[in-house]
Amino acid sequence: MEQIDSDCRKVKVTLPDGSAIEVCAGTTVGEVAAMISRRLASRAVLGIVDGGIHDLQHKIESDCDLTILEEGDERSLDALRHTAAHVMAQAVRRLFPGVHMAIGPSIATGFYYDFDKEGSFTPEDLEAIEKEMRKIVAENLPLVREEVPREEAIAKLAAAGEVFKAELVEDLPDDYVSFYHQGEFSDLCRGPHLPRTGMLKAFKLLNVAGAYWRGDEKRPMLSRIYGTAFPTKAELDEYLKMLEEAARRDHRKLGRELDLFSVHDEAGAGLIFYHEKGAALRTAVEQFWREEHAKRGYKYVITPHIAESTLWDISGHNGYYRDNMYFLNIDEKEYVLKPMNCPGHILVYQSRSHSYREMPIRYCELGTVYRYERSGVLHGLLRVRGFTQDDAHLFCTPEQLHEEITGVIDFAIFMLKSFGFEEYEIFLSTRPEKSVGSDENWERATAALKGALEDHGLAYHVDPGEGVFYGPKIDIKLKDALGRMWQGPTIQVDFNLPERFDVNYIGSDGEKHRAVMIHRVVLGSMERFIGCLIEQYAGAFPVWIAPVQAQVLSIGERHVDYARKVAADLLARGFRVELDVRDEKIGYKIREAQLEQVPYMVIVGDKEQEQGAVSVRARRGGDMGSMPLEQFAGIVQGLIDSRSCEEV
RNA sequence: GCCGACGUAGCUCAAUGGUAGAGCGGCUGACUUGUAAUCAGCAGGUUGCGGGUUCAAUUCCCAUCGUCGGCUCCA
């Protein structure tokens, strides 16, 4: 144990095991680690001081709880990646001296750094940068924190031409800002960081991309390099393997391989053509959707795809949504290809008056809408220009709002669960600065949304002020194979359209009252949902939605008639069945059906033909042996009825 | 839309300025098949589309459409 200077001010440091040591005020976290053990000193990377994460060079000035984090600790991952970002920036500065740095944080999957560079980085540049990074790691430079007065920092950065960095400091409220130095490199940074560059063991630069400074398209376009880093090579390799695995699950790849859908240059970007199998999948989902809506008191309506511009003047879309709309000119009149279903549903509602006794009224429609999306954002099925919303509009009294919202959230969660989605995130967006509707209504609706989430015990994030101008909303975001989030179900309260269209009901007092409207989708859109579904199941759909539920395979020529009979029987029972009587070996046919992820292969040869039976092979379980056709049909029907993800 | 990469047979990918090739798939034939690929032959391309440079362009340049990775926005 180190000698403690007896006349220093003593502070008590409590360790996780409850023991405490006394050290002089000003002792660093790293020095405390060294007092505890030599091993800890060599492995320590960071310290948690009273819950806050700090560098080893952080000075302890008062009594505190301290946890020393060792290399590999999950809680040090952010710092590790942030350090990797600095090392990358240092490498870039060495190789491209004229380049200025913007911002370089750690992110959920790694880190990035934005640079202002003439031209952009090439893949060869990335290799060179990575090589230089390894050199910097080998140099094992210590990262040293320095506090600098704000104004001095701004002057220093401005003098160095680091305008982006200077701007960042301008926006910081503190009197002092911190810099981290490693060798010849220094960077404005809040920290914390690993103690030395040598502790960076496993990293990889992944790709380059353009990114606007501060995400603002009016500001300069910077070059962003993405990379990732892990405590160990094994973890990095595992992550890279996961990326490869994700690429295999990519719905665009599977969509082609499984013959589900396509897009065509001739037709235009972002427009989806469902092939027979994709359509079968979608139809299965839709059928379930319709049944569940009927059960919950929704009434299906059908509205036109185009409507005169005047309708969109009333709704206001012609103003604020115009950039996203497609227009048609017919007989010198302007028509709009509908970007939303709401005005149509309102017209249905408005076609006669409604009593409070009828409320709530729930109209639903699988309504296909078209929205202009900028070319750069299109993405397979997940972001398209023509899509079918699984839409519904609920008209209710203000008093019914809470119950309706609760019902919708319940419904949305039920739908996600039915399709095996367990991972999603919920966002509640509250009133923005510019909005319509009374304080009372906003409060009531926001409370209803919040209350419904809490009733369900659902964790959610609040996006303050991120609501739409017409009302608060809940968004549920689904993850794709790569973990990117896509908005699926959404529930939006609307105070605007009821005003614009004068949507009302007759109350018990015989007077007209303003109805409240809820827009909601419980899947999102069919396109996006199907896309997520493909990735969710990696193409191996549960039997109840599988495009082909069973494929009948004949062994030889003399079994063709029997195979046809079996297939016809299964078809008649309502199953989705395909027949393969090609002149091929059974192994070949099985392989093909297997690659297409058909849940059940029904194999018929001499034995089956004699016994009037079928031999069943499951895509997962393999050979299930011979059984009467009736029995097989029963198994499949059972799985369909229970919407089971498990297979026999 | 912006930044960058990419676009060759249905699919996956070769061909770095000199007449475009493979595997899989497709078609035809032979084999008559028992639980993840039988063999042989044949067909298939105005190299996304349009310009330009060149004696000559898949290859170099420009423009355009599309795809991919991001930025921004949204179901």
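Sequence lines set the chain letters: A, B, ... in the order given, protein chains first and strands last, and positions in each chain run from 1.
Note that A:Arg385 lies outside the cation-pi zone of A:Tyr326, set by a 6.0 Å cut-off to the ring centre and a 45° limit from the axis. At least one test fails for A:Arg431 against the ring of A:Phe469: distance under 6.0 Å to the centre or angle within 45° of the axis.
At the heavy-atom level, A:Ser615 lies under 4.0 Å from base atoms of the strands shown. Contact annotation for A:Leu523: no contact, since no heavy-atom pair falls under 4.0 Å across all strands. If you check every strand for non-hydrogen atoms under 4.0 Å, A:Arg256 touches sugar and phosphate atoms only. Using a 4.0 Å heavy-atom cutoff across all strands shown, A:Asn207 reaches sugar-phosphate atoms only and no base atom. Looking at heavy-atom distances under 4.0 Å, A:Glu557 makes contact with a base. Nucleic acid contact class of A:Gly531 (heavy atoms, under 4.0 Å, all strands): none.
A:His251 and A:Glu535 share a donor-acceptor pair across their side chains, judged by distance under 3.5 Å alone.
A distance of about 25 Å separates the P atoms of B:rG69 and B:rC62, rounded to the whole Å. B:rU58 and B:rC42 are spaced 27 Å apart, taking the P atom of each and rounding to whole Å. B:rG52 and B:rA57: their P atoms are spaced 12 Å apart (whole Å). Using atom P as the reference point in both B:rA9 and B:rC49, the two lie 10 Å apart (nearest Å).
You won't find any donor-acceptor pair under 3.5 Å spanning the side chain of A:Tyr212 and the base of B:rG70, going by distance alone. In this model, no side-chain donor or acceptor of A:Arg224 finds a partner on the base of B:rC71 within 3.5 Å.
The neighbour count for A:Lys117 NZ, taken as heavy atoms of other residues, nucleotides or ligands under 6.0 Å away, is above 12.
Phosphate proximity of B:rC68 to A:Arg252: present, with a side-chain N or O under 4.0 Å from OP1 or OP2. Between B:rG70 and A:Arg484, a contact under 4.0 Å exists linking OP1 or OP2 to a side-chain N or O.
Distance check: A:Arg282 CZ to A:Phe529 CZ gives 12.5 Å after rounding to the nearest 0.5 Å.
Stacking annotation: A:Phe121 is not stacked on the base of B:rG4 (requires ring centroids less than 5.5 angstrom apart and an interplanar angle below 30 degrees).
Between A:Phe411 and A:Phe414, the ring planes lie tilted relative to each other; the angle falls in the 30° to 60° range.
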| said: Can you give me the dot-bracket string for RNA chain B, 5' to 3', counting Watson-Crick and G-U wobble pairs with both distances under 3.5 Å, using [ ] for crossing pairs and | for partners on another strand? | reply: (((((((..((((....[..)))).(((((.......))))).....(.(((..]....))).))))))))....
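Aromatic ring centres of A:Phe203 and A:Phe111 lie farther apart than the 6.0 Å criterion allows. The ring of A:Tyr112 has its center closer than 6.0 angstrom to the ring center of A:Tyr226.
Of the residues in residues 366-379 of chain A, those placing a heavy atom less than 4.0 Å from an atom of RNA chain B are A:Arg371, A:Tyr372, A:Glu373, A:Arg374, A:Ser375, A:Gly376, A:Val377, A:Leu378, A:His379, in numerical order.
Shortest non-hydrogen contact noted between A:Glu527 and A:Ile272 is CG-CG1, 4.1 Å. Residues A:His559 and A:Asp606 come closest through the heavy atom pair NE2-OD1, 2.8 Å.
Protein atom OH of A:Tyr113 is 18 Å distant from nucleotide atom P of B:rC71, rounded to whole Å.
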